[in-house]
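Read the structure below first, then the notes.
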There are 2 protein chains.
Amino acid sequence: MTKMEMQTRDKVKKRQGISLYYQVAEVLREKILSGHWRPGDQIPTEDELCELFQVSRTTVRYALSTLVSEGLIYRKQGQGTYVAEPTLEQVSPQLLGFTEEMTQRGVRPDSRILAVEKVPASEKVAEKLHVQVGEFVILIKRLRLTDDEPIGIQTAYVPFAVCPSLLNDDLSGSLYALLERKYQLHLDNAKDTYYVGMLRDEEARLLEVPSGSAAFVVERITVTSDGTPVEYVRSFMRGDRYKVSHQLSRNKSFG
Amino acid sequence: MTKMEMQTRDKVKKRQGISLYYQVAEVLREKILSGHWRPGDQIPTEDELCELFQVSRTTVRYALSTLVSEGLIYRKQGQGTYVAEPTLEQVSPQLLGFTEEMTQRGVRPDSRILAVEKVPASEKVAEKLHVQVGEFVILIKRLRLTDDEPIGIQTAYVPFAVCPSLLNDDLSGSLYALLERKYQLHLDNAKDTYYVGMLRDEEARLLEVPSGSAAFVVERITVTSDGTPVEYVRSFMRGDRYKVSHQLSRNKSFG
DNA sequence: CAGTGGTCTAGACCACGCT
DNA sequence: GCGTGGTCTAGACCACTGA
């Protein structure tokens, strides 16, 4: 397998507050998800990446570590770093955001922001997030895409008190990355509920399916290590294209 | 919360081939698991750990990163590093049959047998059960009810070789109970896949919903402890009444 | 403001897998 | 031997938190 070349000398420099390792990871992630680099390919060595991006080896290694943890690449000591096989289906009961889930499935996630607003919590949202009715929450409504095809519409609610400046953040990417990286929240677990729903006219139009089509609905409440709910999200996924798998075990833990 | 002190100046030096960061992590892990440091406690700062172990900050941070990924500690920028709450029940979702699941949900399960036959495995069934195409399997098709209301139609396939006399058994109750008690199979785990499907005329009639209604489809492959698939079941549940919940947990690796 | 973790540099030497 | 990733140093500056 030939080593992959970087075509462009990608500039990664002090782009307003984005860390270098994050930018490096971004570029490499794109190479992989776009199919520019394919599973099994060896990517440039760490020294080459240092040269290409004009950053230190520590920075390159930190970027690579994040990609390893995402399952996109793996390292072989004494040999090189390689593009991993895409994980076919999400089987582990691991809590992943949309961006992370799709990356792990080996498709390229994207999103279009439909709405970002500060709104008073409805009764339902208040109950889910353990806040008072009328208390401010941030609503984030996004159209989600995989490989440029619309796959679902997600409406997330985050307590305003938890991250007041979220309104100013770039919400086109991973919300979880923001919550963890910028707001230092320690997401711990979530409860997912799956059921069948119906798409209304506008939703169907956005998802490019006939009005009245069935949707695979996912409701999730995400809580941090100290038990605080930080996100309630309802996702209407295209019923014809989305599925979820889980591993269940019989063992009643300790008979 | 008072900052925890290190009592001993733990030696971490070139212990034959064990890396420094690993030794540092080992010592800290022991402090936490032994209860010497308790959840919520702040551990020594990175600079203090450098001093204590006489290693560089990079090494300390790498050690801490491994503990973060293990969920033992978490960091708060500008504040410190703290011992995490132990993860309460990281038990993966429990594998239950229909009868067990509904009993646990507090409703009365019942079923009507629609068909029990010995049939040759189709290509799809053969693949799922790891048998040869055409090899005999037992098909069990049942209408499932809760509190006397039809809720779903289940079609299960069990390799004939696994329990040849299943045809003579009473299949109106729990199949899992039969497999475990009578056939001494040790059911271990299953993979569930959920997606949206469509009900055909006859299925809709049995479920007492309009033809063409959406169904919540569950596909399950159940395997025993030795990895043998013993059941492949596809369930068309009423989309208007059935939902499934799962607990997911975050296990960040890096960041 | 001082103190914390977050990011980053420019080196160094080691352990490993190949030829 | 040579090139790879693995480990490690001794600094530096930044961003965030709390008093």
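First the proteins, then the strands, lettered A, B, ... as listed; each starts at 1.
Of the possible donor and acceptor atoms, none in the side chain of A/T228 sits under 3.5 Å from a partner among the backbone N and O of A/T224. Looking only at distances, no side-chain donor or acceptor of A/S235 sits under 3.5 Å from a matching main-chain atom of A/M237.
Set against C/dG6, C/dT9, D/dT4, the side chain of B/R57 has C/dG6 as its closest nucleotide. Nearest to the side-chain atoms of B/T45 among the listed nucleotides C/dG5, D/dT7, D/dT9 stands C/dG5. Ranking C/dT7, D/dG6, D/dT9 by closeness to the B/L20 side chain, first place goes to D/dT9.
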All N/O contacts under 3.5 Å from nucleotides 16-19 of chain D to the protein, with atom names and distances to one decimal?
from   : atom 1 : to    : atom 2 : distance (Å)
D/dC16 : O4'    : B/Q77 : OE1    : 3.4

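The terminal axes of the helix from C/dC1-D/dG18 to C/dC18-D/dG1, fitted over 5 pairs per end, subtend an angle of 20° to the nearest 10°.
Separating the CG atom of B/D47 from the C1' atom of D/dA12 is a distance of 13 Å, rounded to the nearest angstrom. Atom C1' of nucleotide D/dC8 and atom CD of B/Q23 are separated by 13 Å, given to the nearest angstrom. Between the OH atom of A/Y74 and the P atom of D/dG5 there is a distance of 13 Å, rounded to whole Å. In this structure, NZ of B/K76 is placed 17 Å from C1' of D/dA15, rounded to the nearest angstrom. Computed from coordinates, the A/Q54 CD to C/dT7 P distance equals 21 Å when rounded to whole Å. Between the P atom of C/dT9 and the OH atom of A/Y21 lies a distance of 13 Å, rounded to the nearest Å. B/E46 places its CD atom 20 Å from the P atom of C/dA2, with the value rounded to the nearest Å. The nearest whole Å value for the distance from the CD atom in B/E51 to the C1' atom in D/dT9 is 15 Å.
Contact annotation for B/T58: base contact, defined as any heavy-atom pair under 4.0 Å involving a base atom.
Between C/dC8 and A/Y62, no contact under 4.0 Å exists linking OP1 or OP2 to a side-chain N or O. A close approach under 4.0 Å does occur between a side-chain nitrogen or oxygen of B/T81 and OP1 or OP2 of C/dG5. Phosphate contact (OP1/OP2 of D/dG5, side-chain N/O of A/R61, threshold under 4.0 Å): absent.
Shown here are the side chain to side chain donor-acceptor pair (under 3.5 Å) partners of A/S122, two or more places apart in sequence or in another chain: there are none. A search for side chain to side chain donor-acceptor pair (under 3.5 Å) contacts involving A/Y22 returns nothing, not counting sequence neighbours. By the side chain to side chain donor-acceptor pair (under 3.5 Å) test, A/R144 is found to be paired with A/Q154, residues two or more places apart in sequence or in another chain being considered. Not counting sequence neighbours, B/T58 has no partner by the side chain to side chain donor-acceptor pair (under 3.5 Å) test.
In this model, no donor atom of one side chain and acceptor atom of the other lie less than 3.5 Å apart for A/R234 and A/T193. A/Y62 and A/S19 share no donor-acceptor pair across their side chains, judged by distance under 3.5 Å alone.
A centroid separation of 6.0 Å or more is found between the aromatic rings of A/F216 and B/Y195.
Screening B/K128, B/E231, B/K191 for a side-chain contact (heavy atoms from CB on, under 4.5 Å) involving B/R220 leaves a single residue, B/E231.
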